Q: 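This is the structure I want to talk about, given as structure tokens.
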Amino acid sequence: MRKTSLFALTGAATIASPAMADTITLDITIPRLSVAEYHRPYVAVWLEGDGGKVRTLSVWYDKDKRGGEGKKWLNEMRTWWRKAGRSASIDGVSGATRAPGPQKLSIPAAALRGLPAGNYQLVVEAAREVGGREVVKLPVSLGGKSASTARASGKTELGSVAATIKP
């Protein structure tokens, strides 16, 4: 009976160790599309953990639209909106939309504070006005002892996506 209790305590301590020292560098390519009416995509980046817990890491949208009208299109990133967007505070994680081409995003350790070490899905969703929508998922691990990189690729609204996790 005691061995079981000690094992349970040891296992819990390992699982609950924080991943706060990790940083994530994301390379996201937004493809140049040849369409009649092109608008830069809105993009949301978030981590999904076990049990459906979500942490929004970045949201790119038209922040400068008069009267905050850019916010009304955030729900076009439907997956993010359903999981976190409705209730998310995007102050501090939001930025302007970005042009087609390679884009770099750094997620500092402070943004991951409080997350336990373990496996997550890093999700990138892009949606464009008068355009399409696409979601790309990358399996990542936080709290590892060495750097790791995960890669995935979209087909329409997103190009290549690479996430490098550094302890």
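This chain uses plain numbering: 1 for the first residue, then up along the sequence. Note that the structure is a prediction, hence the values are computed from the model and not measured.
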Q: Answer with yes or no whether the side chains of T149 and T164 bring together a donor and an acceptor at under 3.5 Å.
A: yes
Q: Tell me the closest heavy-atom pair linking G49 and Y120, and the distance in Å.
A: CA-CD2, 3.5 Å
Q: Quick one: OG on S148 to NZ on K166, what's the gap to the nearest 0.5 Å?
A: 11.0 Å
Q: Mark yes or no for whether R86, through its side chain, and N75, through its backbone, hold a donor-acceptor pair below 3.5 Å.
A: no
Q: A150 and P139: which non-hydrogen atoms are nearest, and at how many Å?
A: CB-O, 3.4 Å
Q: Would a distance-only check, ignoring hydrogens and angles, find a side-chain to backbone donor-acceptor pair under 3.5 Å from Q103 to A99?
A: yes
Q: For the residue pair T56 and A84, what are the closest heavy atoms and their distance?
A: OG1-CB, 3.8 Å
Q: Same cluster for L57 and L158 if Ile/Leu/Val/Met/Phe/Trp/Tyr side chains link at under 4.5 Å?
A: yes
Q: CD of E69 to CG of D64: how many Å apart, nearest 0.5 Å?
A: 13.0 Å
Q: Testing the basics here: between L26 and A163, what is the closest heavy-atom pair and its distance to 0.1 Å?
A: CD2-CB, 3.7 Å
Q: Apply the side-chain contact (heavy atoms from CB on, under 4.5 Å) test between E48 and each candidate in K53, R55, K83; give the one that qualifies.
A: K83
Q: Using 0.5 Å steps for rounding, measure from the CD1 atom of I24 to the CG atom of L138.
A: 10.0 Å
Q: Are I165 and L47 joined in one hydrophobic group, where the rule is that I, L, V, M, F, W and Y side chains link up if heavy atoms are under 4.5 Å apart?
A: yes
Q: So K155 and E134, salt bridge (charged side-chain N to carboxylate O under 4.0 Å, His left out) or not? Walk me through it.
A: CA-CA 8 Å; K155 294 179 180 168; E134 186 165 31; over 6 Å; no
Q: If hydrophobic clusters are built from ILVMFWY residues whose side chains come within less than 4.5 Å, do V54 and V59 share one?
A: yes
Q: Can you name the side chain to side chain contact (heavy atoms under 4.5 Å, CB included) partners of R133, sequence neighbours left out?
A: R78, T79, E125, A127, V135
Q: Nearest 0.5 Å, what's the CZ-CG distance between R113 and D22?
A: 12.5 Å
Q: Could you measure the distance from the CH2 atom of W60 to the CD1 atom of I28? Nearest 0.5 Å is fine.
A: 4.0 Å
Q: Just how far is it from atom CD1 of I30 to atom OG of S160, taken to the nearest 0.5 Å?
A: 11.0 Å
Q: Quick check: do P31 and E157 have side-chain heavy atoms less than 4.5 Å from each other?
A: no
Q: Give a yes or no on whether W73 atom CH2 has more than 12 heavy-atom contacts from other residues, nucleotides or ligands under 6.0 Å away.
A: no
Q: Is there a chain of hydrophobic side chains (I, L, V, M, F, W, Y, each step under 4.5 Å between heavy atoms) that links V123 to Y61?
A: yes
Q: In a table with atom names and distances, give each donor-acceptor pair under 3.5 Å that connects a side chain of residues 35-45 to protein atoms at least two apart or in another chain.
A:
unit_1: E37; atom_1: OE2; unit_2: H39; atom_2: NE2; d: 2.8
unit_1: Y42; atom_1: OH; unit_2: G70; atom_2: O; d: 3.1

Q: Is there a path of hydrophobic side-chain contacts, each under 4.5 Å between heavy atoms, that joins L105 and L115?
A: yes
